[in-house]
Amino acid sequence: MNGSPAHHNLFFYGDDGSLVDQVVPFLSEGLANHEAVVIVLDPRKTALVRDALGRIGRRVASIDRDGYYTRPEDALAGYDAQVRRYLKDGAPRVRVFGELPLCRTDEDSDTWILYEALLNPAFAHHPVTIVCGLDGREQPDRVVEGSWRTHPTSLDRGWSDNDHFHDPAETVRALTPHPEDVSGLEAVPADDGARGLRVRLQSTMTAADVPEDRAHRMLAAAGEILANAYRHGGGVRGMRVGRVGERFVCEISDHGPGLDDPLAGYLPPRPGHGGGAGLWVARQATTRLEMLSTERGLTTRLWA
Amino acid sequence: MTTTAAAIAIRPGEHACFRFQRQEERERIADAFMCVGLRLGHRVVYLCESRDVDATLLRLTAAEPDVASALRTGALEVRDANTMYLDGRSFDAEQMIAALRAEHRRALAEGFAGLSVTGDVVSALGAAEAEALVEYERRLDEEFGDATQVLLCQYDQHRFETGTLVEMTEAHHVEVSPPLATLDPTGALAAARVHPPETLRLAGDLDFENVAGLLDYLDANVHGPLRVDLADVAFADVAGMRALRGSRHQQLTIADASEPVRRLVGLLGWDTDPGVLVAA
């Protein structure tokens, strides 16, 4: 094997024998270096890898991929928190072998390719080695193609730079759907100040029977968007709220120059690196966050 | 969750105090205290000197519809401190404590959830010796701690020696002197100094609109590690949380936190930040 795996690597395979042959030395090396070592696989492959590792396998933490990968925002936050804790507890490095959940639709595939693209900037500052297994037997072509675009290093007679790798921000941009119009929202007068608007939002959610926990999270998200609007966006131009199907939507517009960063709000905040954390909180606290920049300003739509 | 009422960082069961220099500060803090007491369903008693009773009634009636109706129903009473406490006699700590106890029993018997009392101590104590005052405050602190009682003692700074003021303040676990209680001009965020251990308690909305006063306070008063209690913070945002790190990025201990604050601590990565200690 030439070279060594870098931050975020792709291992494409098609049978269990190849999986075991690659993963066992990779994980063993991490254990020998006293790194924190984690596998994120389905139960069958978890057992397969554990068997092959033998006794030392007890020091490998395992996560069930099907329970773990609910949506990219949560997986990123969960991973980041786990990595930070391992490092705080003294691990010199965190080594992960993981596989994406099985993607059955094009939408699923795009969602998890977007996640793979985000992993690059999200973990660039952490001492981690992530190898993503891609089982050609189970994932659709869309995931296979997307995986080649999102991993800077891959295994091909040794670890080497992957020529198919694309700029993560551009990949995220291409995979982010353009926000569709929603109708039926009610306009709230914008001259109330942030606190007044939060009170309005709160009472509208109470009237609309939004469950308490979801309402709390929506308030936290809207609070961050309002703070951004007043501090960077020249103030609030308008707010619209209301139910859309099963969801509650709050849309906030400002007078600002807009935001042309497809990664905005996706990257975990880093201590001492200010800026952008409000959008991260807003993305974490909602089920979906959409942004639309026009010449009139930025509109952010939050889904509870 | 967000409310529009002014915050005060005093909890049921506490014996708090504040020192004031200007009448506006005093009114603002006392009014916030009384409104919180009324919201708790307490009988609220405002004690002042006999010559101030009428002016205070007038001011409170004009202040808020809630206050006016509370005066009518008897939920709020403005009383001459001397009459209630001393009945014209000289200072006697035990008699005063007995009077407060009786007042508490009466409030509960009349169906109130508790008793909130605030007043200028000097007006009640007349010419008592400073030492006796300090002793009285210490006794109060020992005697009262039931969640159905809240006491807020007011001290006019012009009427005491500095040393006496410090001793009196130390006899209270909770202090809300300006600029603590008046951190934020809108009243959305208020603070208290709680001790021991020395802790800054915040109550209300800790957000980008309200942090200017907090930042000034931290710059002027905190020159080492900071310990905060954020259990009464109803709403917080990233800008508010970051203000707690101050311009000096001092070591921060979060002794207690509300649910919204806990969520932010995790999302900001403070749970593994070496500069932040979060109590479980």
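Order of the sequence lines sets the chain letters (A, B, ...), proteins ahead of strands, with each chain counted from 1. All values below were derived from every heavy atom in this structure, side-chain atoms included, with hydrogens, water molecules and symmetry-related copies excluded. Since the structure is predicted, the reported quantities are computational estimates derived from the model, not experimental observations.
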Which bit of [X] is near chain B, if near means a heavy-atom gap under 4.5 Å: side chain, backbone, both or neither?
X      : result
A:A77  : neither
A:D213 : side chain
A:R217 : both
A:L226 : backbone

What part of [X] gets within 4.5 angstrom of chain A, counting heavy atoms only: side chain, backbone, both, or neither?
X      : value
B:D237 : both
B:R245 : neither
B:D271 : both

Legend entry - Partner of A:R195 under side-chain hydrogen bond (donor to acceptor under 3.5 Å, both in side chains), chosen from B:T186, B:D205, B:D207, B:N210: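 The side-chain hydrogen bond (donor to acceptor under 3.5 Å, both in side chains) with A:R195 is passed solely by B:D205 among B:T186, B:D205, B:D207, B:N210.
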Inset, instruction - Find the one option among A:A227, A:P269, A:A285, A:G223 whose heavy-atom pairs under 4.5 Å with chain B are most numerous. - result: A:A227
Inset, instruction - Could you tell me whether A:R71 atom CZ has more than 12 heavy atoms of other residues or ligands within 6.0 Å of it? - result: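 Enclosed.
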Legend entry - Between B:L268, B:L267, B:V276, the one whose heavy-atom pairs under 4.5 Å with chain A are most numerous: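 Ranked by contacts with chain A, first place is B:L267.
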Is [X] salt-bridged to [Y], going by a charged N under 4.0 Å from an acidic O?
X      : Y      : value
B:D273 : A:R270 : no
B:E25  : B:R22  : yes
B:E27  : B:R59  : yes
B:E209 : A:R198 : no

Legend entry - Test item: side-chain donor near acceptor, B:H15 and B:Q149, under 3.5 Å: no
